[in-house]
Amino acid sequence: MRITALNPRFVGEVSDIDISLTLSSDAVAAIEAGMDRYAVLVFPGQELTDERQFAYSRNFGELEATLIGQMSKPAERRLGPVEIGDISNLDPAGGLRARDDSRRMYSLGNRLWHSDASFRANGAGYSLLSARVVPDSGGNTEFADTRAAYDALDDKTKNAIEEFVTEHSIAFSRGELGFSDYGPGNEGKVRPVRHRLVRTHPVSGRKSLYLSAHIGTIVGWPMPEARAFIRDLTEHATQPEFVHAHRWRVDDRVMWDNRTTMHRVRRFRDLQEVRDLRRTSIKGTGVTAPQAPALAAE
């Protein structure tokens with residue numbers, strides 16, 4: 001297995017490995033070491049079925065159930081299992097979703113900078129996104145290196161934010177776009193959870209900013225001031241020198257660490273062209289901040 005850097009700061013392209021096969025413990029360790037170094041790994045030309053994507057992902061931990069899958073009825077899920085994220089513009093019958101389709105409205109939140117599952121107390125570790133059908137133009141995924149963004153802060157700001165705790169909820173990010181239709185009985189799934197703003201990587205020891213559009217406030221701050229401050233930090237973390245754009249090709253597999261990066265999808269002609277990508281995510285391994293009794297994640 002070889003890794004070639006695609007960006008001076010992060011992102012590597014992996015070659016000489018077939019991730020559709022059962023991997024040895026040495027191969028898994030090499031991928032994890034690559035993730036520790038690059039935070040984002042691109043595996044081009046990897047043909048995976050959903051089942052093989054599950055098997056590959058389980059090398060790195062327990063699979064995360066998607067929130068939209070848990071909030072949907074079985075008949076509303078195109079792909080079935082709640083552990084696979086349907087990152088597409090297709091309805092259960094395989095047709096393009098209508099402009100005013102509620103699921104399409106929900107998915108527009110992916111255009112905001114975010115970290116997967118930060119609206120859960122454990123967050124997510126790695127995510128793997130596989131491309132089955134890609135549009136002719138647009139639909140790139142951009143990644144931001146929040147380790148490098150933290151490193152670039154001045155010492156005064158680093159000291160000031162060291163102990164900050166933020167509250168995350170899917171309702172905060174979707175609310176920015178005017179979306180609030182989560183369906184009856186799902187109120188508990190959108191309650192805020194708490195995370196430390198500054199995280200330390202368990203292997204490299206590097207600090208990073210745990211930022212996401214899911215952040216609604218900083219504990220102890222007035223909400224408008226907190227959101228303005230988080231917006232400033234996000235603008236800092238997504239400057240061009242910290243960002244890499246991935247242009248998708250069929251059978252690309254891209255894996256990233258949600259603890260040290262943010263990502264977003266760019267606009268494409270989703271009412272005319274099919275974009276079918278499928279995501280698996282690994283559950284986070286622990287909470288980073290005490291949860292308020294009323295903020296327990298479900």
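Nothing fancy with the numbering, it's 1 onward along the sequence. In this text, all values refer to a predicted model and were calculated from it rather than measured experimentally.
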According to the ring pair (Phe, Tyr, Trp, His ring centres under 6.0 Å) rule, which pairs have a member within residues 270-289, sequence neighbours left out? none

Provide the full list of ring pair (Phe, Tyr, Trp, His ring centres under 6.0 Å) pairs with a residue in residues 33-74, sequence neighbours left out, each pair given once. Y56-F60, F60-Y126

Would you compute the distance between atom [atom1] of [X] and atom [atom2] of [Y] and round it to the nearest 0.5 angstrom?
X: N140; Y: H244; atom1: CG; atom2: NE2; answer: 9.5 Å
X: Y150; Y: T200; atom1: OH; atom2: OG1; answer: 7.5 Å
X: M71; Y: D181; atom1: CE; atom2: CG; answer: 9.5 Å
X: L209; Y: D151; atom1: CG; atom2: CG; answer: 9.0 Å
X: R174; Y: L112; atom1: CZ; atom2: CG; answer: 7.0 Å
X: N258; Y: D116; atom1: CG; atom2: CG; answer: 4.5 Å

Minimal non-hydrogen separation, [X] against [Y], with atom names:
X: G216; Y: M223; answer: O-CG, 3.4 Å
X: N89; Y: L96; answer: ND2-CD2, 3.3 Å
X: P192; Y: S169; answer: CA-CB, 3.9 Å
X: I282; Y: S57; answer: CD1-O, 3.2 Å
X: D252; Y: P44; answer: OD1-CA, 3.6 Å
X: A98; Y: L271; answer: C-CD2, 4.3 Å

Is R275 close enough and on-axis enough to F268, meaning under 6.0 Å and within 45°, for cation-pi? yes

Please confirm whether K189 makes a cation-pi placement over Y182, using NZ or CZ under 6.0 Å from the six-membered ring centre and within 45° of the ring normal.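 Here K189 fails the 6.0 Å and 45° test against Y182.
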
Donor-acceptor pair, [X] side chain versus [Y] backbone, under 3.5 Å?
X: E76; Y: K73; result: yes
X: E13; Y: T4; result: no
X: S72; Y: I68; result: yes
X: Q291; Y: R194; result: yes
X: T166; Y: L197; result: no

Got a sec, which residues hit salt bridge (Lys or Arg N to Asp or Glu O under 4.0 Å) with R253, two or more places apart in sequence or on another chain? D251

Would you say [Y] ends up clustered with [X] if hydrophobic residues are merged whenever their side chains have heavy atoms under 4.5 Å apart, either directly or through other cluster members?
X: L108; Y: I170; answer: yes
X: L48; Y: L79; answer: yes
X: I215; Y: V165; answer: no
X: I17; Y: M255; answer: yes

Pairwise side-chain contact, [X] with [Y], heavy-atom cut-off 4.5 Å (strictly under):
X: V14; Y: V42; result: no
X: S115; Y: L211; result: no
X: W113; Y: V243; result: yes
X: V254; Y: T141; result: no
X: L277; Y: S88; result: no
X: L128; Y: Q53; result: yes
X: H114; Y: M262; result: no
X: D50; Y: R278; result: yes

May I ask you to say whether [X] pairs ionically with [Y], meaning some side-chain N is under 4.0 Å from a carboxylate O?
X: D86; Y: R77; value: no
X: R52; Y: E47; value: no
X: R120; Y: E64; value: yes
X: D91; Y: R97; value: no

Check: residues 22-36 side-chain donor-acceptor pairs under 3.5 Å, at least two apart:
residue: S24; atom: OG; partner: A27; partner atom: N; Å: 3.1
residue: D36; atom: OD1; partner: H201; partner atom: NE2; Å: 3.4

Give the C-alpha distance, both sets of side-chain angles, the deciding distance and a yes or no for side chain to side chain contact (heavy atoms under 4.5 Å, CB included) between F143 and F242. CA-CA 8 Å; F143 296 92; F242 306 133; over 6 Å; no

Per the side-chain hydrogen bond (donor to acceptor under 3.5 Å, both in side chains) rule, what does the pair list look like for residues 209-232, sequence neighbours excluded?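 Residue pairs with at least one partner in residues 209-232: S118-S212, S173-H214.
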
All side-chain hydrogen bond (donor to acceptor under 3.5 Å, both in side chains) counterparts of [X], not counting sequence neighbours:
X: D145; answer: R147
X: N186; answer: none
X: S107; answer: none
X: Q239; answer: H236

Taking salt bridge (charged side-chain N to carboxylate O under 4.0 Å, His left out) as the cut-off, I'd like each qualifying pair that reaches into residues 14-25, sequence neighbours left out, listed once.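 Applying salt bridge (charged side-chain N to carboxylate O under 4.0 Å, His left out) to every pair that reaches into residues 14-25, excluding sequence neighbours, yields R2-D16.
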
Applying salt bridge (charged side-chain N to carboxylate O under 4.0 Å, His left out) as the test, list every pair that has at least one member in residues 254-267; sequence neighbours left out.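 Passing the test, one end in residues 254-267: E142-R264, E142-R266, D257-R259.
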
If you count the non-hydrogen atoms of other residues, nucleotides and ligands that lie under 6.0 Å from CZ in R247, is the total more than 12? no

Derivation and outcome, side chain to side chain contact (heavy atoms under 4.5 Å, CB included), residues L63 and I84: CA-CA 9 Å; L63 297 184; I84 192 159; over 6 Å; no

Side chains of H195 and H168, donor plus acceptor under 3.5 Å: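 No, H168 and H195 have no side-chain donor paired with an acceptor closer than 3.5 Å.
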
Do H263 and N110 have side-chain N/O donor and acceptor atoms under 3.5 Å apart?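 No, no side-chain donor-acceptor contact under 3.5 Å.
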
Quick one, E241 with R9, criterion salt bridge (charged side-chain N to carboxylate O under 4.0 Å, His left out). Give me CA distance, side-chain angles, the key distance, then yes/no. CA-CA 8 Å; E241 59 261 42; R9 297 180 184 274; 5.6 Å; no

Could you point out which residue of R104, R99, R103 forms a salt bridge (Lys or Arg N to Asp or Glu O under 4.0 Å) with D270?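 Of R104, R99, R103, salt bridge (Lys or Arg N to Asp or Glu O under 4.0 Å) with D270 is met by R104 alone.
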
Result block: side-chain N/O donor-acceptor pairs under 3.5 angstrom for residues 283-290, not counting sequence neighbours:
residue: K283; atom: NZ; partner: E62; partner atom: OE2; Å: 3.2
residue: T288; atom: OG1; partner: R196; partner atom: N; Å: 3.0

